[in-house]
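Take a look at the structure below.
To find a chain, count down the sequence lines: A is the first, B the second, and so on, and within it residues start at 1.
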Protein chains: 2
Amino acid sequence: MLQRRIDDHAPPTREAMREAEEIFYTHLRRVGLKHTDQRDTILHTFLETRDHLSTDELFRLVRKKDAKVGFTTVYRTLKLLGECGLASMVPFPDGTTRFEHQFNRRSHHHMVCTECGASVEFFSPEVTKIEEDIGRKYRFDATRHNFQIYGLCEDCRKRSSRKPV
Amino acid sequence: MLQRRIDDHAPPTREAMREAEEIFYTHLRRVGLKHTDQRDTILHTFLETRDHLSTDELFRLVRKKDAKVGFTTVYRTLKLLGECGLASMVPFPDGTTRFEHQFNRRSHHHMVCTECGASVEFFSPEVTKIEEDIGRKYRFDATRHNFQIYGLCEDCRKRSSRKPV
DNA sequence: ATGAAATTGAAATTCATTTTCAATTATACG
DNA sequence: CGTATAATTGAAAATGAATTTCAATTTCAT
C-alpha cells in the first residue's frame with residue numbers, strides 16, 4: 001500500500017543514536033549474541049528513518065548501504081530491535097506488519113486513510129493514561145498499546161464525492 | 001495462539017438477531033447480491049458466537065451446521081459482514097486477522113496478554129471522543145479505530161517471577 | 001592463532017489469505 | 001411455469017508475508 005506521510009519529524013540527534021546503539025549492544029551481550037557489521041548497518045539504517053517500515057522496505061534501504069546483507073538478517077535483527085524496545089510492531093490494515101522507532105519518541109498514534117493509505121501521526125497523552133488505568137483495573141502489567149484511527153482523508157473524501165458510489 | 005477469554009457476554013437477543021439479518025439482507029440487495037443458504041448459515045453461526053474468530057475458526061463452526069459450506073464462502077461472507085458493519089477486523093499480534101461483532105455492541109477494546117494470549121475486553125468512552133477530536137483536527141472522516149493494550153496478565157506475571165530471565 | 005558457538009543468507013517451507021474457474025444456483029422476466 | 005442471465009459456490013491453485021533450514025562463514029574468548 002502507498003505510504004504517504006502527512007507530517008514528519010526531525011531526525012534523531014547524534015546522542016540519541018549513540019544511546020540507541022548502547023541499548024542494542026547491551027541487549028546483544030545480555031542474551032549472548034555477537035556484534036556484527038550487518039547488525040550495525042541495519043540498526044543505523046533503521047534509526048535514520050522516520051517511517052513505518054515493513055521488513056522488506058528496511059531490507060531495501062539496508063541494501064543501498066551494503067548489498068550483501070540478506071533479507072533474513074534484516075528480519076531477524078528487526079526482531080532483536082523489538083526485544084530491546086527500540087522498535088515496535090504495528091499491524092497495518094493491509095495485513096503487513098510494520099516497525100517503528102520506539103526509542104526517545106513521544107507515545108504517538110496513527111490515523112490512516114483507508115482509501116490512499118496516507119497516515120498522520122498524532123499525540124494523545126490521554127491514551128497513555130487510559131493504558132495505565134485499564135492495566136491497573138484488570139491487573140495487567142501493561143507495556144504498550146496500539147491505537148489507530150481509520151477514516152477518509154480530506155483529499156479522498158473530495159475525490160469520492162465527485163464520483164459517488 | 002491460545003485464546004482464553006477472561007470476560008464474556010450475553011448472547012444476542014432474538015430481535016437483535018433479526019435486526020442483524022435485516023441489515024445483512026438489505027446490504028446484499030443494495031449491492032445486487034443474492035440470498036443463499038450458505039450466507040444464512042454463516043451469518044447465524046457468526047452471530048451466535050461472542051469470540052474473536054479467525055476465518056478458519058468460523059469455518060469450522062459453520063461446518064458443524066452444514067458440512068458442504070466451503071472455506072472460501074465463509075471468507076467471502078465475512079468480508080460482506082464487514083462491509084455492512086456487522087463485523088470488524090481486528091489484527092491480532094500473532095499475525096492473524098480476527099473478526100468480531102460490531103452490531104449492537106458498545107465500542108470496546110482489548111487488552112491482550114503477550115505471554116498467554118488471554119484477552120480482556122474493556123470499555124472506554126474516552127477513546128471514542130479521541131477518535132472524533134483527532135478526526136476533526138486532521139480533517140479526516142474518522143470511521144473506526146483499533147485500540148489494543150498489550151502486557152502481562154496477573155497469572156503470567158506470577159509465573160515469570162518464579163523463573164526469572 | 002584456534003576452536004566452539006553464533007551468524008549469515010539463499011533457498012525452502014509454512015501458513016493465512018486471496019484468486020481462479022467450471023459447475024451450480026438464484027432470481028427476474030416472458 | 002420455464003428460461004435466460006448473472007451471481008454463487010467450493011476445490012484447487014496462487015499469492016505473499018513470515019519463518020525455518022542448513023552449509024559456509026564469521027566472531028570472540030582463550
side-chain hydrogen bond (donor to acceptor under 3.5 Å, both in side chains) partner of His44(A), the single match among Glu21(A), Lys65(A), Arg39(A):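 Between His44(A) and the candidates, side-chain hydrogen bond (donor to acceptor under 3.5 Å, both in side chains) is satisfied uniquely by Glu21(A).
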Plane angle bin for His145(A) and His109(A) - parallel if under 30°, tilted between 30 and 60°, otherwise perpendicular: parallel
Sugar-phosphate only, base, or nothing, as touched by Thr97(A) at under 4.0 Å among non-hydrogen atoms: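 If one applies the 4.0 Å heavy-atom cut-off, Thr97(A) turns out to touch the sugar-phosphate alone, with no base involved.
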Sugar-phosphate only, base, or nothing, as touched by Thr36(A) at under 4.0 Å among non-hydrogen atoms: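 Sugar-phosphate, no base atom in range.
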Check: dA10(C) base within 3.5 Å donor-acceptor of Thr72(A) side chain: yes
Given DNA chain C, 5'-ward residue of the pair Asp37(B) and His35(A), judged by closest heavy atom: His35(A)
Residue whose closest nucleotide on DNA chain C lies nearer the 5' end, Phe99(B) versus Lys34(B):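 Counting from the 5' end, the first nearest nucleotide belongs to Phe99(B).
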Given atom [atom1] of [X] and atom [atom2] of [N], what is their separation to the nearest angstrom?
X        : N       : atom1 : atom2 : value
Leu53(A) : dA17(D) : CG    : P     : 15 Å
Arg29(A) : dA29(D) : CZ    : P     : 10 Å
Leu80(B) : dT9(D)  : CG    : C1'   : 13 Å
Leu78(B) : dT18(C) : CG    : P     : 10 Å
Asp56(A) : dT15(D) : CG    : P     : 17 Å
Lys79(B) : dA16(C) : NZ    : P     : 18 Å
Leu28(B) : dT8(D)  : CG    : C1'   : 12 Å
Leu58(B) : dA16(C) : CG    : P     : 15 Å

Among [options], which nucleotide has an atom closest to any side-chain atom of [X]?
X        : options                   : value
Phe71(A) : dT19(D), dG10(D), dG9(C)  : dT19(D)
Tyr75(A) : dT20(D), dG10(D), dT27(C) : dT20(D)
Leu33(B) : dT8(D), dG9(C), dT19(C)   : dT8(D)

Side chains of Leu33(A) and His27(A) in contact at under 4.5 Å (non-hydrogen atoms): no
Min side-chain heavy-atom separation Arg144(B)-Ser88(B) under 4.5 Å: no
Ile149(B) and its side chain to side chain contact (heavy atoms under 4.5 Å, CB included) partner, picked from Asn146(A), Ile134(A), Thr143(A): Ile134(A)
Comparing Arg39(B) and Arg63(B) on DNA chain D - which has the more 5′ nearest nucleotide: Arg39(B)
Side-chain donor-acceptor pair present, Glu100(B), His52(B), cut-off under 3.5 Å: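 Side chains of Glu100(B) and His52(B): pair found under 3.5 Å.
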Worked verdict on Arg29(B) versus Thr26(B) for side-chain contact (heavy atoms from CB on, under 4.5 Å): CA-CA 5 Å; Arg29(B) 253 178 277 124; Thr26(B) 303; 4.3 Å; yes
Criterion side-chain contact (heavy atoms from CB on, under 4.5 Å) on Thr77(B) and Val62(B), from CA distance to verdict: CA-CA 12 Å; Thr77(B) 303; Val62(B) 168; over 6 Å; no
Under 4.0 angstrom between Gln38(A) side-chain N/O and dG9(C) OP1 or OP2: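 Checking dG9(C) against Gln38(A), a side-chain N or O does come within under 4.0 Å of OP1 or OP2.
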Five-pair end axes of the helix from dA1(C)-dT30(D) to dG30(C)-dC1(D) and the angle they enclose, rounded to 10°: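 The angle, to the nearest 10 degrees, is 30°.
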